[in-house]
Amino acid sequence: MAAKSDFMKNQKLFLFAFILLIFSLLFAGCTKNSDAVVSSTEEMLVKSPWFIDYYFDSQDMTSSYSSSRLLFSSTGVVGYQSNGQTIVGKWSSSVDVSNNEMVDLQFDTNNADVMALNKSWKLVE
């Protein structure tokens, strides 16, 4: 009789452990990880220089940026290069409440073209 009772206890313990394992896998699979989005965004930005192909702000401003490029660093530093000059600023990435990836640029300069980039930019592609 004792052996049958031990078998039933072990069977219940095994069933409880199995159910606990299933629940932990289910809840672990449902966790949202926004760090992965930010990390892949960072990898994409620091990979190579970025050129401003088109910029519209009440009018087409693309020609103001035709010879410029943005260089992103994994340390949060961004450089705006144009005509042999570099203006250094800061950048960060985030995800907004609508789950859009955002890149925030902040340059401390008097250059109007560069100051126009001091915004939160929604990444679309």
Side-chain angles (χ1 to χ4, degrees):
M1 272 267 186
K4 189 174 186 180
S5 176
D6 286 343
F7 175 75
M8 291 189 69
K9 282 183 187 178
N10 287 340
Q11 195 173 27
K12 286 180 183 179
L13 184 60
F14 176 76
L15 181 62
F16 176 73
F18 181 73
I19 290 172
L20 186 62
L21 175 68
I22 295 297
F23 276 113
S24 5
L25 290 174
L26 286 174
F27 287 116
C30 294
T31 304
K32 182 178 177 183
N33 185 357
S34 63
D35 291 341
V37 172
V38 173
S39 177
S40 64
T41 300
E42 179 179 317
E43 289 173 11
M44 179 186 66
L45 289 173
V46 302
K47 186 176 178 179
S48 59
W50 287 83
F51 300 90
I52 301 170
D53 294 328
Y54 181 73
Y55 183 25
F56 187 90
D57 187 10
S58 301
Q59 63 182 5
D60 187 353
M61 306 286 292
T62 308
S63 64
S64 299
Y65 301 96
S66 62
S67 64
S68 63
R69 64 184 183 165
L70 295 168
L71 304 166
F72 292 87
S73 165
S74 61
T75 62
V77 174
V78 61
Y80 173 87
Q81 287 185 337
S82 181
N83 300 321
Q85 286 187 316
T86 301
I87 298 172
V88 177
K90 295 178 184 177
W91 76 275
S92 62
S93 61
S94 61
V95 177
D96 70 8
V97 295
S98 299
N99 208 29
N100 296 308
E101 289 184 78
M102 306 294 289
V103 173
D104 302 309
L105 299 179
Q106 193 59 249
F107 293 97
D108 187 17
T109 181
N110 292 328
N111 182 313
D113 291 335
V114 180
M115 286 175 50
L117 300 175
N118 286 343
K119 298 179 184 178
S120 291
W121 296 90
K122 178 178 156 183
L123 299 179
V124 293
E125 289 185 33

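Worth knowing before you read on, the calculation uses all heavy atoms, side chains too, and leaves out hydrogens, waters and symmetry mates. Remember, it's a predicted structure, so these values are computed and weren't measured experimentally.
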Closest non-hydrogen contact found for Val46 with Ser74 is CG1-N, 3.4 Å

Any residue meeting side-chain hydrogen bond (donor to acceptor under 3.5 Å, both in side chains) with Asn83, in chain and number order, not counting sequence neighbours
Ser67

For Val88, the hydrophobic cluster (side chain heavy atoms closer than 4.5 Å, chained through members) also holds Val77

Any Asn111 side-chain heavy atom under 4.5 Å of Gln85 side chain:
no

Could you work out, with side-chain contact (heavy atoms from CB on, under 4.5 Å) as the rule, every residue matching Gln106, not counting sequence neighbours?
Asn118

Side-chain heavy atoms nearer than 4.5 Å, only ILVMFWY residues, links allowed to pass through others: does that put Ile52 and Met44 together?
yes

Which residues share a side-chain hydrogen bond (donor to acceptor under 3.5 Å, both in side chains) with Thr62, sequence neighbours left out
Asp60

Exercise: identify the closest heavy-atom pair between Thr86 and Gly79
CG2-CA, 4.3 Å

Going from CH2 on Trp50 to CD on Gln81, what distance comes out if it is rounded to the nearest 0.5 angstrom?
16.0 Å

Mind checking side-chain contact (heavy atoms from CB on, under 4.5 Å) for Ser98 and listing every partner two or more places apart, or none if nothing turns up?
Asp96, Asn100

List for me each residue that meets side-chain contact (heavy atoms from CB on, under 4.5 Å) alongside Lys119, sequence neighbours excluded, and say none if there are none.
Tyr55, Asp57, Trp121

Can you find a heavy atom in the side chain of Leu117 that is under 4.5 Å from one in the side chain of Tyr65?
yes

Where at least one partner belongs to residues 88-113, residue pairs that pass ring-ring contact (aromatic ring centres under 6.0 Å, His included), sequence neighbours excluded
Phe72-Trp91

Is there a path of hydrophobic side-chain contacts, each under 4.5 Å between heavy atoms of I/L/V/M/F/W/Y residues, joining Val78 to Met115?
no

Partners passing side-chain hydrogen bond (donor to acceptor under 3.5 Å, both in side chains) against Ser66 (at least two apart in sequence or in another chain)
none

So which atom in Ser68 and which in Tyr80 form the shortest heavy-atom distance, rounded to 0.1 Å?
CB-OH, 3.3 Å

Got a sec, which hydrophobics cluster with Leu71, joining ILVMFWY side chains under 4.5 Å apart, including via others?
none

Results of side-chain hydrogen bond (donor to acceptor under 3.5 Å, both in side chains) for Ser73 - residues two or more places apart only
Thr75

Verify the cluster assignment for Leu123 and Phe51: are they in a single hydrophobic cluster under the rule of side-chain heavy atoms below 4.5 Å apart?
no

When Ile, Leu, Val, Met, Phe, Trp and Tyr are grouped by side-chain heavy atoms lying under 4.5 Å apart, directly or through other members, which residues fall in the same group as Phe56?
Tyr54

Output for pair (Lys90 NZ, Asp104 CG), nearest 0.5 Å, gives 12.5 Å

